[in-house]
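Below is one structure, written out as structure tokens; comments come after it.
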Amino acid sequence: MAITSLDGLLAGIQNGERIFYSKANLTTTAGQWASFWTAGGLPGAGAAPGSTSGSAPTAATAGALPFTNAAGSDLQYLAHVSLGSTQTGCLVLYDRLVHTSELNGTVTTAQTVNSAALTRNTSGEGVELWLEQYSNVGTTTRTATVSYTNQAGTSGRTASTASFVGSSNFTTRMIHVPLQTGDTGIQSVQSVTLSGTTGTAGNFGVTLLKRICDFPISALATGIARNAFDLGMPEIPDDACLAVMGIAAGTAIGPITGQLTVAKG
Amino acid sequence: MISTVADLRARTAVYPFIYADKQAGSGTASSAGAGQSLWRIAPTGSGGAWQQGAVPVNEAVDRNTVGAYPIPAISGTRAFITSARLSSFFTSSASESSYLIMLMDRLVQTAGLNATLTTEQTVNTAALTRFTSGEGVNAYIEVYTNVGGTSASGTMSYTNQAGTAGRTGTFTVGGTSRTGVGSLERVNLQTGDTGVRSVQSITLAGSTGTAGSFGITLARSIGTMLQRGDASQNAHNLQEYDWLNCGLAEFHPDACIWPIRIVPGNGSPSLALILSIAVD
């Protein structure tokens, strides 16, 4: 089954559910990404997975926006979003596929990850690689090099970011790591190596995610309202661990309050 | 099930235009991101039957309660918002930022809690008459007489959506720009809980400085709409949403529809709300 008509969308919304979202603001650095995963509110706070190999979170994981799978062969789609925020920037709704933690900001040898297997988007196609901080590492900027297996199952691929993490660091920071040229996805991470100590151990890990939708919040609006056609009605996979990250124009992002409507059909 | 858009249009023709308005709030200052309740705001003189709600005692409320947005008696089991128009009149500043309107179903309300007491205060909310399990029901701290300017944290003892008693929620009351009538804070529920069936008591960790009066409001979200701001003083803004843009928000036929405003600053503009609804 799939929703293929306006009448189908109408029925799908009636058969669907509404997810209400409310998070307090996060202190950030302008132009840097922040994760709402460990922020309290509605839904409640998620947690660092607690191991270097991590886990594959689902809709049942604490911190995920709650929803239930559509019945039988029906699918679920994002059909409407209305969010208010007092800060401008951009919010991203994503499916949190795999997350790890317990990496150390002072270790300069290869830190073994061997991330948990993907349970959704298992080919890795379109999956993004991010580093996520749970407690602050030091402010000395280092290069982080990630050894991973790409969407074709080829291991030994290398991705790196030269901006881990630097000055003006903040807890909840997320850093996107561009993949090796030619790769279009990632199946797993084998290790992370820092070019030097950042000065503080902290706690960080790898997050593999698949974007569902972006919500820019402009200075004029301080919020967004989008219908199914504006959103492109993206499909939400069964058991998706829906979460939000954001990039702020200033030194804070949020608070965020609003509603997402999931249509099922 | 409303199976076609044509059917939706036909059903909307039965309830095409419900209008009511509220005047600008006075003394309802709010800090960024906090909520403002419109329950105690009086209607404008221009019409509509959206009266000022009474200060609660401890009761369940519905569409017939004075203060509810005036929805007519509905014959059916499901009701949907098929269009919404918001109009606000900004006067207080050279420019006004956008704000979010959250339409809520106000289920149970109490008042009379003292914002200076640090001993346990009994609440024992009236029983829910809709969404009786408590699933999706949230608890809010709502101010009815000004409390003090010192922020006080508190805990709420409640029974959750599964009927488990002794759960603990956390909240704050009072503090800068959160002292006025209508100031609203959502209670953070205990990890894992997805609703509130009843509230037994609250305990403040400190005094706000002024006793005032606040209470617990149990409510369930219906939908959210964004009202865009304007760079001009004395601007009259109209925002329109069709069924797609309000996500075909659904409400219980007996709902006590109650708007909450989430504002970025201290604005408190008037609000006219025009709804069209379809019933299944």
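What you are looking at is a predicted structure, and each value in this text was computed from that prediction instead of being measured. In what follows, every heavy atom counts, from backbone to side chain, and hydrogens, waters and symmetry copies are set aside. Letters A, B, ... mirror the listed sequences (proteins, then strands); counts begin at 1.
For B/Ile222, the part sitting under 4.5 Å from any heavy atom of chain A is the backbone (N, CA, C, O) and nothing else. Both the backbone and the side chain of A/Leu42 have a heavy atom closer than 4.5 Å to some heavy atom of chain B. Heavy atoms closer than 4.5 Å to chain B are found nowhere in A/Ser5, neither backbone nor side chain. The parts of B/Thr4 that come within reach of chain A are both its backbone and its side chain, each placing non-hydrogen atoms under 4.5 angstrom from that chain. In this structure, chain A has no heavy atom under 4.5 Å from any part of B/Asp7. Heavy atoms of B/Asn188 lying under 4.5 Å from chain A belong exclusively to its side chain.
Ranking A/Gly16, A/Gly44, A/Ser82 against chain B, the residue ahead of the rest is A/Ser82, based on heavy-atom pairs under 4.5 Å. With chain B as partner, the option from A/Leu10, A/Leu9, A/Asn25 having the largest number of non-hydrogen pairs under 4.5 angstrom is A/Leu10. Of the residues considered (B/Glu250, B/Arg186, B/Met225), B/Arg186 shows the highest number of contacts with chain A, using heavy-atom pairs under 4.5 Å.
Taken to the nearest 0.5 Å, the CZ atom of A/Phe20 stands 7.0 Å off from the OG1 atom of B/Thr224. Interatomic distance, A/Asp230 CG to B/Leu244 CG, rounded to the nearest 0.5 Å: 9.0 Å. Rounded to the nearest 0.5 Å, atoms OH (B/Tyr241) and NE2 (A/His80) are 8.0 Å apart.
A pairwise comparison of heavy atoms in A/Ile13 and B/Leu248 identifies CG2-CB, 3.7 Å as the closest pair. For A/Asn15 against B/Met1, the heavy-atom pair with the smallest separation is OD1-CE, 3.0 Å.
Side-chain contact between B/Ile2 and A/Gln14 is present, with heavy atoms from C-beta onward closer than 4.5 Å.
Remark: side-chain polar atoms of A/Arg18 are paired, donor with acceptor, to backbone N or O of B/Gly247 under 3.5 angstrom.
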